[in-house]
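Encoded as structure tokens, the structure appears first; notes follow it.
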Amino acid sequence: MSGLPAATSLEDLEWVPRQRMASLRRLGLQTLGDLLRHFPRRYENRIKFDRFPDEASETPVCLFGIVKKTVYRRFGPRRIFEARIEDEAAGVLGSPLICRWFNMPWVQKMIAGDQQIVVFGKPRVRGNQVVMEHPEFEVIEEDAERSLHFDRITPVHPAGDGVTPRALRVLIHRAIEETDLKTIPMLWPGNTVSENVWREVHFPESSEEQESARSQLVREEFFGIQLVVCARHAAMRGLGGTPKPADGTWWKKVEASLPFELTASQRKVIAEISADLASPHRMNRLLQGDVGSGKTLVALHAMLQAAEAGWQAALMAPTQILAEQHYLNFRRILDPLGIPVVLRTAARKESSGSSSGGTPDATPGTGVLPRGDATRYSKRNLPHFERPWAKYAVTFSTHERKALSEAERDIVLRALLHEDGRKYLLYAACVMPDHVHLLIEPSMDDAGGFHPLAGILHSIKSFTAHEINKAANRDGPVWEKESFDRIIRSESDLQEKFSYITRNPWDNKIVPANEDYPWAWWPGRDDLRGAHASRVSDPASRRIPPLVIGTHALLFENAGLEQLGLVVIDEQHKFGVLQRSRLIARGDAPDVLVMTATPIPRTITQTLYGDLDVSIIREKPAGRGKVITAVRVTSKLPDIIAFLRDKIADGRQAYVVYPLVEESEKLEVKSARAEFEKWTELLAPARVGLVYGRLDPEEKELVMREFREGKIAVLVATTVIEVGVDVPNACIMLVEEAGRFGLSQLHQLRGRIGRGAEKSYCILLQDDPGELAKQKLSVLETTSDGFDIAEADLQLRGPGDILGTAQAGLPPLRLGDLLRDGELMTEARKTARALLESDPDLSKPRHRHFREFVDATTARTEIAGS
Ligand code: ADP
Ligand code: MG
């Protein structure tokens, strides 16, 4: 069969009405091929219509009848058009249907008495009439095209302003006739798709025919998605990473110190991740595990492996509270083993000013550095000046300006570097013969405060004084009092101090321009004079902190992350492809582990996370208490309060979660206050604490700490506690207006309890819930399995919410349904994988169209994300 190429523009066809051109373009239809890929959104069986209903129904029905009477009425500002439709076949015995349209004056122009009409909608009962409001409708005309619209399974295509489904049907029918179907680009490998699919999908003769055509096309569509994600996966593997083998010395110590055994699931995923890290591939992995399944330890294992192999590893949490909790957790485990971990968050109240990304090149001692290329440092080593944390330029002199010997200078420099990365970060230091310069930033301590500068200086000075005196067998003062500037936010100020300190020996002509001064130090100038010689093998004293914890925001800064080998992203199901690709673009090419506690249905995993390898923790640690979930109305509140008081009297703790008011900060604070006061009163004398998103971070941390320590009995909170917070003694959760939360979100919330051996209670407060809310809450009452809940969530919400395809950088879904067509997705994935295995970069000539498709989709993603 010959015909026009699919790429033919609709403008070049005289049978496409000019006046429809703009409307078609708005629907994205420009060529014959576009028309053919404009698939029906549903079909109407116009051979056998539904019977005229005499009661309401949630399932829409498709009816055929005669317009008997039309009325146009005004009700104040409302205009109502009504058409009374009767079933000809049923005659006088049939009950008529009233169709109503509000404020749609054009409908009146389209419908007139005695017309044959098809309507589609949900019947309702109003008074004693059966009514359809705003039904879809189509007037059937006695014309040449009648056979296209009537007496058949009729497609209803997505229509738009200026082009009706009826008009589209005519155009698409013509397009099928005129197009050389062989020229429609097909993505499916092989020739398994017959040319008939186009007619069969648009104008099927039976529903079997339609189903089979549809599934061929869905298969192709899914193959496109899989081609993109699998190509991304292959490209990622091909990028190359760095093998990070480690003999697990640190981990063994950690494991030995745990009060419990790892679950078999934990062991399994640890092995998977460990092998991945040790391989020369770049890791890009998703770790799924229900709340409380013990993902944090798996993350810790991975981080220790990377660190042991000589890299920095970062754990990024979505909230401040979580980052801090992980930090404390890690410290509890790691401190006894002498493995340092630092917390880097942007929590301080000062904002980071308007620092632009471009750090000017300020190479200290340019031209005077003695060792040429070997000691030149790159921009990478520049301290990150825009940190909102306080940095200080400190100077202190020797007592009476007595000169330090070289050995004494060694002592001082070594002492300075000793606590670097733990109590403070050192940006630059220079031990001059009779004084010392430092550029220093105190680190956060356990309590969420900062190590005081005075204390830091005191310990450095007294330690070095002691050492120096001991070596010289003498006594007496070594140092004078220090002077310091606090540097606030000004990048140029810091630059200047940095240069001043690092070039001090040369500027002061202590050493000639071409000679080294080994006691001037800055990051990247590590091993001069062996000051660091012992550090590489001794984790406790590495200059760059091996384990860093922060919030997601920090991921895209370089703050203190100069040798990033592994990034673990915690609790983030919305961490999209774009963000991941930004990570991948980092110069240090870190391995990536994304952890999510929202179990994701398999079809979605294969799609949204199709470019990731997946590890799943299936079982939860044993010995967890049971969680009982119940939905209650607010009139039961007095009983619930009594129950809460009982439990609190027994020393238990509880969460009260209320829905977030998001409109404005003022409103948020107001509603938080109101909740707090309400519960304080209801539960007096128990101590109640309050946390919400915009609460001052220091206050938040204080409240969280007191809750963890059991000083606060009840924590009133928004969903900021949704993820990760771990307080085993808290065994009651009360959720207000539970129906307003999503199913997965409620499951997450509930995951905060049932962490100890106690029986736990989750009470979902909800007054007369709608149908959806009722179903949602009853799912929670009946199951606690995260995967089941995720499936149910998908069923209830539909996949649209979850799969923002634009955001995920995937081709759009036109036909496929992630709920129904899971099998086809799995099959498409196999096919795509096999293809990419034989040709990883799709460079074979016969795969050119695949390559082009992947590139085009990727390009769209980048535009969307830029
Ligand atoms: P999640 O997967 O939700 O991040 P966590 O890693 O926070 O879970 O672990 C929840 C709690 O379970 C923590 O208190 C942790 O110490 C504990 N835990 C982890 N693994 C085990 C285990 N194998 N046996 C018992 N408790 C464990
Ligand atoms: Mg967690």
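Just so it is clear, the structure is predicted and the values come from calculations on it, not from any experiment. Values below: every heavy atom of this structure, side chains too, minus hydrogens, waters and symmetry copies. First listed ligand is number 1; within each ligand, the first listed atom is number 1.
Those atoms of ligand 1 that come under 4.0 Å of a heavy atom in L262, given as number and element, are 23 (N). For ligand 1 and T263, the ligand atoms under 4.0 Å from any heavy atom of the residue are 23 (N). In summary, the atoms of ligand 1 found under 4.0 Å from a heavy atom of S293, numbered by their order in the structure, are 2 (O), 8 (O). Residue contact check: T296 has heavy atoms under 4.0 Å from atoms 4 (O), 5 (P), 6 (O), 7 (O) of ligand 1. Those atoms of ligand 1 with a heavy atom of R755 less than 4.0 angstrom away are 3 (O), 7 (O), 10 (C).
R267 and E272 are not joined by a salt bridge, as no carboxylate oxygen comes within less than 4.0 angstrom of a charged side-chain nitrogen. Using a cut-off of 4.0 Å between Lys/Arg side-chain N and Asp/Glu carboxylate O, D591 and R282 are scored as not salt-bridged. Taking the charged nitrogens against the carboxylate oxygens, E706 and R687 do have a contact shorter than 4.0 Å, which makes a salt bridge.
Below 3.5 Å of separation, one finds no N or O of F260 facing any N or O of ligand 1. Considering both main-chain and side-chain atoms, P621 never comes within under 3.5 Å of ligand 1 through any nitrogen or oxygen pair.
At least one heavy atom of E261 sits under 4.0 Å from some atom of ligand 1.
Identified under the ring pair (Phe, Tyr, Trp, His ring centres under 6.0 Å) test for residues 694-719, with sequence neighbours left out: Y655-F707. Sorted by first then second residue, the ring pair (Phe, Tyr, Trp, His ring centres under 6.0 Å) pairs that include residues 283-306, not counting sequence neighbours, are W251-H301.
Contact check for L715 versus V656: no side-chain heavy atoms found under the 4.5 Å cut-off.
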